[in-house]
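Note that these values count all heavy atoms, side chains included, but never hydrogens, waters or copies made by symmetry. Since this is a predicted model, take the numbers as computed values, not measurements.
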Amino acid sequence: MTGRLYGVGLGPGDPELVTVKAARLIGAADVVAFHSARHGRSVARGLAEPYLRAGQVEELLVYPVTTETTDHPGGYQGAIDEFYETAAARLAAHLDAGRDVVVLAEGDPFFYGSYMHMHKRLAHRYPTEVVPGVTSVSGAAAVLGRPLVERDEVLTVLPGTLPTEELAAWLEAADSAAVMKLGRTFPAVRDAFAVAGVLDRAWYVERATTDRQRVLPLADVDPETVPYFSLALLPSELTGPGNAAVPPVTEAPAPEPAEPVVVPLQAGSVTVVGLGPGARWWTTPEASAALAEADDLVGYGPYLDRVPANPRQVKHPSDNRVEAERAAAALEMARSGRRVAVVSSGDPGVFAMAAAVLEVAAADFPDVPVRVLPGITAAQAVASRVGAPLGHDFCILSLSDVLKPWDVVVDRLRHAAQADLVIALYNPRSKARPQQLFDAREALLEVRSPDTVVVVGRDVGGPEESTTVTTLGDFDPGTVDMRCLVMIGSTQTRVTPSGQVYTSRTYPG
């Protein structure tokens with residue numbers, strides 16, 4: 001028995017316009033899939049969030065391109081077609097295993113909806129049901145307070161991507177029209193309304209039915225403020241003025257955040273991913289997208305446990321002391337054609353797996369592509385919790401002497417202290433190395449005042465998070481373990497009356 005595929009429409013943006021059936025199916029599904037642009041934010045998931053339940057598998061489907069250019073051999077369409085094929089294969093793996101899959105769609109799934117591309121590739125192979133939703137055109141008309149058509153009139157729905165002349169010809173002949181897909185097409189769309197001689201009675205509606213909606217005459221819109229989730233309406237001349245004479249919202253919205261460059265995982269490659277220091281919200285959208293696309297996840301067991309389970313994927317946990325072996329296993333899987341994500345806590349390039357993977361790849365797997373995605377470091381996370389101790393020059397040192405001699409560690413520590421750098425100490429103390437942090441403190445006291453500020457962060461971003469602000473003289477290394485990061489201030493590090501820590505941006509002399 002295979003699973004069942006559902007294309008579920010969520011309506012134009014108001015969560016109360018999600019149908020009862022859509023809500024029921026979302027809550028019952030084994031797998032919930034949703035699209036996003038490269039920034040990783042999904043409008044569809046946001047609408048569906050009240051109906052999601054614990055334990056569901058989420059499949060984030062990130063478009064490799066939206067409107068920008070691409071170096072894909074097949075051009076823009078080639079990149080998109082390859083993405084749809086890969087996304088369909090990911091969903092098919094769940095359906096073949098008997099899991100029901102809901103694909104979320106803003107508006108209606110079959111009305112310029114992204115779901116239709118999954119439907120075309122999967123509906124002939126699996127039992128499928130499409131759940132309609134309120135369209136953005138219906139939502140915009142309701143917000144505008146103008147009926148779309150009366151009596152024998154014809155409503156024309158047009159994509160804003162049409163050439164200006166063709167769009168103008170359609171508008172000139174239309175009783176009533178809605179033009180979709182604005183955003184970057186807006187200047188040409190407005191020109192088409194002007195050429196057709198109907199700009200004076202056209203309206204602009206943005207994010208209809210949401211708390212961010214805007215309604216104003218099309219002629220008055222600043223093209224720089226137009227997002228993709230907007231449309232132009234040409235109401236029938238028979239329908240009267242409606243409610244649009246006083247637009248509900250007229251202020252300009254905040255600009256859309258810039259989209260990062262996200263390269264999708266390629267078959268036969270390794271991507272080293274930083275999860276950040278603990279909390280899920282500290283994992284970047286780019287990292288989340290890479291994790292969602294992977295076939296195999298490789299890493300230290302507790303770090304892999306932080307990645308939500310997905311039965312389509314295979315997790316390969318291992319001990320924290322076998323970095324080279326872990327890297328070789330990941331590269332071997334990639335050589336066989338798998339999409340492999342190697343998981344690190346914090347940033348993978350800071351005392352983590354990126355160097356191990358690149359080192360092994362350079363020696364034995366030069367044919368396997370390796371990519372590194374950054375993450376928030378433990379030092380950044382601890383610093384943020386107490387203020388801004390990294391506000392001036394700083395360095396990061398590992399106290400581990402597993403891969404370098406202890407005398408080298410102490411020599412570097414002394415030089416950093418003499419240079420008056422703020423020092424973030426990773427791997428400060430373990431069961432196998434109980435004494436080194438005590439020795440490090442003594443070495444620091446040779447050149448630093450006992451009043452030097454010290455910050456200890458434990459499990460920052462995790463369930464047992466705590467931070468302690470003390471001084472080098474009062475600091476007790478016996479309270480520290482491997483779940484801690486220790487930060488030694490410079491002579492310019494201060495503690496405010498409220499207990500926050502900062503290092504001055506200026507240096508005396």
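For the pair Leu199/Arg190, a side-chain contact is recorded, criterion being any heavy-atom separation below 4.5 Å from C-beta on. When side chains are defined from C-beta on, Leu182 counts as touching Val189, because their heavy atoms get closer than 4.5 Å. You'll find the side chain of Glu59 stays beyond 4.5 Å of the side chain of Phe34, heavy atoms only. The shortest side-chain heavy-atom distance between Phe83 and Leu61 falls under the 4.5 Å cut-off. Considering only heavy atoms from C-beta on, Leu148 stays 4.5 Å or farther from Glu153 through its side chain. Two residues are said to be in side-chain contact when any heavy atoms from C-beta on lie closer than 4.5 Å; Val31 and Val102 fail this criterion. Side-chain contact check for Thr86 versus Arg339: some heavy-atom pair is nearer than 4.5 Å.
Partners of Tyr303 under the ring pair (Phe, Tyr, Trp, His ring centres under 6.0 Å) rule, at least two apart in sequence or in another chain, are Tyr300. Checked against side chain to side chain donor-acceptor pair (under 3.5 Å), Glu49 has no partners two or more places apart in sequence or in another chain. A search for ring pair (Phe, Tyr, Trp, His ring centres under 6.0 Å) contacts involving Phe111 returns nothing, not counting sequence neighbours. A search for side chain to side chain donor-acceptor pair (under 3.5 Å) contacts involving Ser318 returns Arg326, not counting sequence neighbours. Taking Asp347 as the reference, Val350, Pro374, Thr377 meet the side-chain contact (heavy atoms from CB on, under 4.5 Å) condition, with sequence neighbours excluded. Qualifying side chain to side chain donor-acceptor pair (under 3.5 Å) partners for Ser498, counting only residues two or more places apart in sequence or in other chains: Thr496. Taking Ala381 as the reference, Pro277, Trp282, Val460 meet the side-chain contact (heavy atoms from CB on, under 4.5 Å) condition, with sequence neighbours excluded. Listed by chain and residue number, nothing satisfies the ring pair (Phe, Tyr, Trp, His ring centres under 6.0 Å) test with Tyr112 (two or more places apart in sequence, or in another chain). Every residue two or more places apart in sequence or in another chain was checked for a ring pair (Phe, Tyr, Trp, His ring centres under 6.0 Å) with His94, and none qualifies. His117 pairs by the side-chain contact (heavy atoms from CB on, under 4.5 Å) definition with Tyr84, Lys120, Arg121, not counting sequence neighbours.
Taking both residues in full, the closest heavy atoms of Thr210 and Gly13 are given as CG2-CA, 3.6 Å, listed atom of the first, atom of the second, then distance. Of all heavy-atom pairs spanning Pro369 and Gly268, the tightest one is CD-O, 3.2 Å. Residues Arg125 and Ala92 share a closest heavy-atom pair of NH2-CB, 3.8 Å. Considering all non-hydrogen atoms of both residues, Leu390 and Ala379 come closest at CD1-O, 3.9 Å. Nearest heavy-atom pair across Ser136 and Pro12 is CA-CB, 4.0 Å. Closest heavy-atom contact between Leu485 and Ala424: CD2-CB, 4.4 Å.
In this structure, CG in Asn310 is found 11.0 Å from CG in Leu60, a value given to the nearest 0.5 Å. Atom CG of residue Leu144 and atom CH2 of residue Trp203 lie 6.5 Å apart, to the nearest 0.5 angstrom. For the atom pair OG1 of Thr283 and CG of Leu275, the computed distance is 5.0 Å after rounding to the nearest 0.5 Å. Taking OG1 of Thr156 as the reference point, atom CG of Asp175 lies at 7.0 Å (rounded to 0.5 Å). Interatomic distance, CZ of Arg306 versus CG of Leu291, reported as 10.5 Å (0.5 Å rounding). Interatomic distance, Arg458 CZ to Arg385 CZ, rounded to the nearest 0.5 Å: 16.0 Å.
Judged by distance alone, the side chain of Ser344 and the main-chain N or O of Gly274 form no donor-acceptor pair under 3.5 Å. Remark: the backbone N or O of Thr284 is paired with a side-chain donor or acceptor of Ser288 at under 3.5 angstrom. Without hydrogens or angle criteria, Gln313 side chain to Ala294 main chain gives a donor-acceptor distance under 3.5 Å. Ser230 places no side-chain N or O within 3.5 Å of a backbone atom of Val226 that could act as its donor or acceptor partner. Between the side chain of Thr185 and the backbone N or O of Gly183 there is no donor-acceptor pair closer than 3.5 Å. In this structure, Tyr115 contributes its side chain and Gly9 its backbone to no donor-acceptor pair below 3.5 Å. With hydrogens and angles ignored, the 3.5 Å screen pairs no side-chain donor or acceptor of Asp108 with any backbone N or O of Thr135. The main-chain N or O of Glu464 is found under 3.5 Å from a side-chain atom of Asp459 such that the two form a donor-acceptor pair. The backbone N or O of Ala290 lies less than 3.5 Å from no partner atom in the side chain of Glu293, so there is not a single donor-acceptor pair. The main-chain N or O of Ala29 is found under 3.5 Å from a side-chain atom of Gln56 such that the two form a donor-acceptor pair.
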Exercise. Given Thr225 and Arg214, is the side-chain hydrogen bond (donor to acceptor under 3.5 Å, both in side chains) satisfied, shown in steps?
Worked result: CA-CA 11 Å; Thr225 68; Arg214 277 204 305 164; 2.8 Å; yes
* Evaluate the criterion side-chain contact (heavy atoms from CB on, under 4.5 Å) for residue pair Asp295 and Val340; output intermediate values, then yes/no. => CA-CA 6 Å; Asp295 302 314; Val340 182; over 6 Å; no
For this session: List the steps and the verdict of salt bridge (Lys or Arg N to Asp or Glu O under 4.0 Å) for Arg4 and Asp100.
Result: CA-CA 5 Å; Arg4 190 174 185 86; Asp100 291 341; over 6 Å; no
- Just do the side-chain contact (heavy atoms from CB on, under 4.5 Å) check on Val18 and Glu16 with the steps written out, would you? CA-CA 5 Å; Val18 176; Glu16 293 186 341; over 6 Å; no
message = Go through it in stages, so that I can follow the logic: the residues are Met353 and Val273, the test is side-chain contact (heavy atoms from CB on, under 4.5 Å), and I'd like the CA-CA distance, side-chain angles, deciding distance and then a yes or no.
response = CA-CA 9 Å; Met353 281 301 298; Val273 177; over 6 Å; no
Trace of the side-chain contact (heavy atoms from CB on, under 4.5 Å) decision for His316 with Leu297:
CA-CA 6 Å; His316 304 270; Leu297 303 175; over 6 Å; no
Hey, can you pull the donor-acceptor pairs under 3.5 Å for the side chains in residues 19-27, sequence neighbours left out?
residue : atom : partner : partner atom : Å
Thr19   : OG1  : Ala22   : N            : 3.0
Lys21   : NZ   : Glu129  : OE2          : 2.4

Side-chain polar contacts of residues 157-171 - donor-acceptor pairs under 3.5 angstrom, sequence neighbours left out - could you list them?
none

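Taking 4.0 Å as the cut-off between side-chain N and carboxylate O, Glu206 and Arg212 do not count as a salt-bridged pair. For Arg338 and Asp296, the salt-bridge test passes: some basic side-chain N is under 4.0 Å from an acidic carboxylate O.
Each of Val298, Leu358, Val357, Leu373 was checked for a side chain to side chain contact (heavy atoms under 4.5 Å, CB included) with Val272, and the lone residue meeting it is Val357.
Between the side chains of Tyr204 and Asp220, no donor-acceptor pair of N or O atoms lies under 3.5 Å. With 3.5 Å as the limit, one finds no donor-acceptor pair spanning the side chains of Arg146 and Ser236.
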